[in-house]
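Heads up: numbering here begins at 1 and tracks the sequence. Start at 1 and go down the list; that is how both ligands and their atoms are numbered.
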Amino acid sequence: MLEQSAIDALRVETLSARGHFIDGRSVDAGDSRALDVVSPIDGQVLTTIADGTPAVMDRAVAVARAAFEDGRWSRLAPAARKKVLLKLADLIERRALALTVLGVRDNGTEINMAYKAEALSAAATFRYYAEAIDKVFGQIAPTAPDILGLVHHAPVGVVGAIVPWNFPLMIGAWKIAPALAAGNSIVLKPAESASLSLLMIAELAAEAGVPDGVFNVVTGKGAVVGEALALSMDVDILVFTGSGATGRRLMEYAARSNLKRCYLELGGKSPNIIFNDAKDLAQAAKVSAAGIFRNSGQVCVAGSRLLVQEDIHDDFVAELCRHAEAFRVGDPLDLSSQIGAVHSLPELEANLSFVEKAASEGAERATGGDRILTETGGYYMQPTVMTGVKPQDTLSQQEVFGPVLAVTHFKDEAEALRIANSTVYGLAAGVWTADLSRAHRMVAGIRAGVVHVNTYGGPDMTVPLGGVKQSGNGHDKSLHALEKYVDLKTAWIQL
Ligand code: NAD
């Protein structure tokens, strides 16, 4: 149970300047300059992080390579790595509130959500892959009796991980935990505006017993240190979550360097489809509102396109707007806030300009659309519902990554499916119907990595999360995620 007094005690802590984390210790910025970290809660500078250079990144990669090659982690028995990672999960859980408050101070997610989705989820992820790693293993092929074909799972080497500012701990853990469990070394590049909690995870990993050099964090600008990581000849794979624009660049960097594999988890414009035969439309409206507006819409799988069957459109939208207006938007470290801050001023301005653009293309504001709480200095926006959005409009086609819902109506199942599939994205979708056959047809027909039926969202490690089309090409979570972090190596032995 979270207590406001404990949160308030942590939120006032002065934060010292943060360095990189390389070779088991925090290193000062050195030749790097410092970058201000601005809190979206009040627009004030919280602290600084090191603004890394390509030289610092190269050093971190060299350290990770040396650690991998000498086997201090890569050649440990899986059960030994498991023990360390379980200890790390315990440490994360023990420090969960401190990690969460630190993370909310630089990224702005409401603490009610962040506590579970960030710190507790990260602990669960480390525990999941720790528990898994001594239960998955290679194969013996069904060869002729005088030959033995063994398929080993070999760690790939040095993993370059680049993560975004929304849910840095959750998404970071989805990559760090399976990569470490499989025996790899890592260099992590967090988002420049949300590095603090991941730097703390690196310290906890060292405390848990991850050997020096195995898990390194280099902070700084994507176009500088991110690029250096992606261009490195000594990085074996890149795992990335972020925008499509950056994902495209990473593939180019890989092509220009050592053809490293790139696993990309990108954006979405996910359709949430409400049929008139849905069993509980009131529940559908409530869940759909949460499915777009929590964390100010800064959720990759957010149901940002609401497709409503035309005969229930007006009533359903009215009900959804009631929920949108009832959300308490405010200080993300206040337990009573249901929606926190937009992550940064540029993000807020981009959200507002999407609203304007939608209006200029003929959509109407059913609710919201404005910046609020300006007196706090922070970045807050009303949950916004735009109706009359056509499938080809900007608001239907481009990801906002903010609290702006595009509403479109449809006649029948065929039209709903056509509109659902009419973007370049394919991350998530929702379908609300009581007709089981229709639900199955929609699951089969919608091109998306995850389709929810009569619900939206679902935090569970047991299933993979990934996109199709321009939403990405890899999967985080579940045992499938481990496949990225191992190479299949065949041993062919004449008996
Ligand atoms: P972004 O692409 O701007 O940044 C992501 C990371 O890439 C940051 O660490 C950034 O510093 C780094 N980066 C930027 N330019 C780079 C370059 N040239 N070379 C190497 N690294 C570079 O994305 P963002 O704004 O931080 O995150 C929001 C995006 O992430 C949205 O599109 C959202 O949908 C997506 N996202 C996807 C998922 C998923 O699971 N599919 C989850 C969360 C967020």
Working to the nearest 0.5 angstrom, can you tell me the gap between Lys175 NZ and Met170 CE? 10.5 Å

Quick check on Lys357: does its NZ atom have over 12 non-hydrogen neighbours (other residues, nucleotides or ligands) under 6.0 Å away? no

Quick check for you: to the nearest 0.5 Å, what is the distance between Arg328 atom CZ and Glu110 atom CD? 11.5 Å

Point-to-point distance, once rounded to the nearest 0.5 Å, from NE2 of His20 to OG of Ser195: 10.0 Å

Would you indicate whether Arg11, at its atom CZ, is surrounded by more than 12 heavy atoms from other residues, nucleotides or ligands within a distance under 6.0 Å? yes

Per-ligand residue contacts, ligand 1, heavy-atom threshold under 4.0 Å: Ile162, Val163, Pro164, Trp165, Asn166, Ile171, Lys189, Pro190, Ala191, Glu192, Gly222, Ala223, Gly226, Glu227, Phe240, Thr241, Gly242, Ser243, Thr246, Arg249, Leu250, Tyr253, Glu265, Leu266, Gly267, Cys300, Glu399, Phe401, Leu427

Is Asp476 salt-bridged to Lys484, going by a charged N under 4.0 Å from an acidic O? yes

